[in-house]
Amino acid sequence: MNIVRVALDLPLPRLFDYLAPNCVESDVGRRVTVPFGTGSRTGVIVALAAASDQPDDKLKAVTEILRDMPALPAEWLALCEFCARYYQTPLGEVTSFALPPMLRRGKLPRMKKEAAAIAASPTPTPEPWSAPALPRLMAAQQAAVAAIAGIAGFHTLLLHGVTGSGKTEVYLRAIDAVLARGGQALMLVPEIALTPQLEGRVAARFPRAHIVCANSGMADAARARGFLEALSGRAEIVLGTRLAVFMPLPRLQLIIVDEEHDASFKQQEGLRYSARDVAVWRAHQLNIPIVLGSATPSLETFHHASTGRYRMLELPERAVAEAMPIVRIIDTRREKLQEGLSAVLLAGLQQRLERGEQSLVFLNRRGYAPVLACPPCGWISRCQRCAVNLVLHLADQRLRCHHCGFEAAIPRACPDCGNVDLLPFGRGTQRLETMLVERFPEARVLRIDRDSASTPKKWQALLATIHAGEADILVGTQMLAKGHDFPLLTLVGAVGADAALFAADFRAPERLFAQLMQVGGRSGRADLPGEVLIQTEYPDHPLYRALVDHDYVRFARAQLDERRIAGFPPFSFQAMLRAEARSIEQSLAFLVAARRAGEAVADGVTLYDAVPMRMQRLMALERGQLLVESTSRPALQAFLAAWMEKLYALKMPGGLRWHLDVDPLEF
Ligand code: ADP
Ligand code: ZN
Ligand code: ZN
């Protein structure tokens, strides 16, 4: 046994063998530096072997086995292997992604003295986790806590409850029980900005617990330190965004995924994994319970809960506010809107101003206007690299592509005909902001979107302003829809929502419903009831009607009926092969060849035609896609494994790139 199998971060679906005369069994899971080509690389030893398929004289020796930190446990390697298999991604790319960048490079962070002794894995003696003044649980919370506590082994539980129904309180009780047993708990949240808020609450509840955060916004060294603390067993609670699902936790006893429906749990590049789905697999592997929480569960999760595969726990009432916000539909078909706002909404804003309460106008489109146009000649601002319009940003006088980042100055005159009267068409958050400032000169208007909150620091500052009551009218995108509490907010107006009703993406209504429900859930509390006004030209649409009644279940069932008839997920399983090249012909030719290669091994799967993507051109590349579908997940998985081998062998024109997206969320 003097050969090590090494996972290297290379786009090749194989491991690399190296001679390691001094290696021992406990080196599996250690990082190792090896010579590769003319340079050197760091990888992870995933196995030892007595012999290699490679001829002995071709084998090179490792440079160094890094024994400066504990080996990554078998459970962690198994998790990476699952992801590699399931998402058809080379294992070395997975292990590399799952490690914090510093550790990936073969380095170690400087540790505080007490933490430096990480070779041993001390199990902390359980302390009494007494916490300050716990609220008395409501009956439904009590039942949920008891249900979680009563689970021995693996089970997926769906905690379904609206914002403010006390889900977090249930999580905290469940974590408490885990800590009392000396275990570790992992909690995933969809957004970096939510981690400090949550950390504060968790730290206040468990003042003596060792809490570690993990998200991509952290400094390299801090992330690596957190990883090592988790690995050594010192960390008792890990809070983080999707990448935290890869934290090594030797005594993990509970996983919580909050806002489990959130699309940001699915990574859209590189390793295209769903942290929620990986978390469920991990819980299964460790034989521990996992709790998925949401006010608007994903239809996949809701379907599993309805069929009994997951256990449903309902929190039907709010813990603090007496009632849910009142949702009203404003029919805008016959009204002349003022810059997109109805008289009812404007009056509502005025009233909140007079009462010193906050309002939010929700518009999921940033920028001033989606396009700048020259009516006489028909010119419109287009991105030269992508098949989309350049968005007008008046705040800093630029035209911007929201897809590739291209930007340019606003032209003084039409580039085609010289006309100087160029007009913005449509409406974004900046335009609404401008209008509201003019209309309510005494109000403090605050815009919250990816432009105004471009860094976590700016985002935190905006949140602080809102919490301090130093803003009257907020104008914001879906950034505001996620998990933040705004106690002074009593009115939410949703404008421009109709676009999502008829979008080509079959998941658009699901997303819209969740967003409106979430954004509405921001408003109101016991002494300040909330109101939600939805402007629409389709006042009778079942989606809006379900919102009025706060009836997620009715909406979900109707959607699932449609999906069943159409054969969409969760009634089928999908994978998308995408290709991009300098010309669409090249992309499509590759996909056609891929389809032909796939047909030879297709059993129980459907391969659709290769088509240009809806947004065909991106960053000067022409993109095509090919959908594969099956009613059986094992059949799809078996097919993908066989297909990948063929895909790697296909001839490709220079510059063509492809990737496979398993369980794609975007079409
Ligand atoms: P969610 O996570 O569902 O939005 P939270 O757990 O954050 O709900 O609860 C919302 C608010 O209600 C919080 O301020 C929380 O402290 C409070 N709360 C939760 N459960 C109770 C309870 N049983 N009694 C009193 N207050 C509660
Ligand atoms: Zn572009
Ligand atoms: Zn013109």
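Residue indices begin at 1 and follow the sequence shown. These numbers come from a predicted model, not from an experiment. Atoms within a ligand are numbered from 1 in the order they appear, just like the ligands themselves.
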Side chain, backbone, both or neither: which part of Ser165 has a heavy atom under 4.0 Å from ligand 1? both
Name the closest protein heavy atom to atom 11 (C) of ligand 1, giving the residue it belongs to and the distance to 0.1 Å. Val320 CG2, 4.0 Å
For Ala508 versus Ala500, what's the shortest heavy-atom pair and its separation? CB-O, 3.5 Å
Can you tell which part of Arg201 has a heavy atom less than 4.0 Å from ligand 1: side chain, backbone, both or neither? side chain
If you measure from each non-hydrogen atom of Asp258 to ligand 1, which part falls under 4.0 Å: side chain, backbone, both or neither? neither
With respect to Thr163, determine whether any N or O atom, backbone or side chain, lies less than 3.5 Å from an N or O atom of ligand 1. no
Gap separating the CG atom of Leu254 from the OH atom of Tyr171, nearest 0.5 angstrom: 10.5 Å
Under the rule for side-chain hydrogen bond (donor to acceptor under 3.5 Å, both in side chains), what residues qualify as partners of Gln267, not counting sequence neighbours? Arg242
For atom 25 (C) of ligand 1, what's the nearest protein heavy atom and its distance? Pro135 CB, 3.7 Å
Judged by modelled atom types alone, do Gln616 and Glu622 share a side-chain donor-acceptor pair under 3.5 Å? yes
Residue-level breakdown please: for Arg136 versus ligand 1, do any non-hydrogen atoms fall below 4.0 Å on the side chain, on the backbone, on both, or on neither? backbone
To the nearest 0.1 Å, how far is atom 19 (C) of ligand 1 from its closest protein heavy atom, and which atom is that? Ala319 CB, 3.6 Å
With 2.8 Å as the limit, count the protein N, O or S atoms near the Zn ion (ligand 2). 4
Look at the aromatic rings of Phe302 and Tyr552 and report parallel, tilted or perpendicular, splitting at 30° and 60°. perpendicular
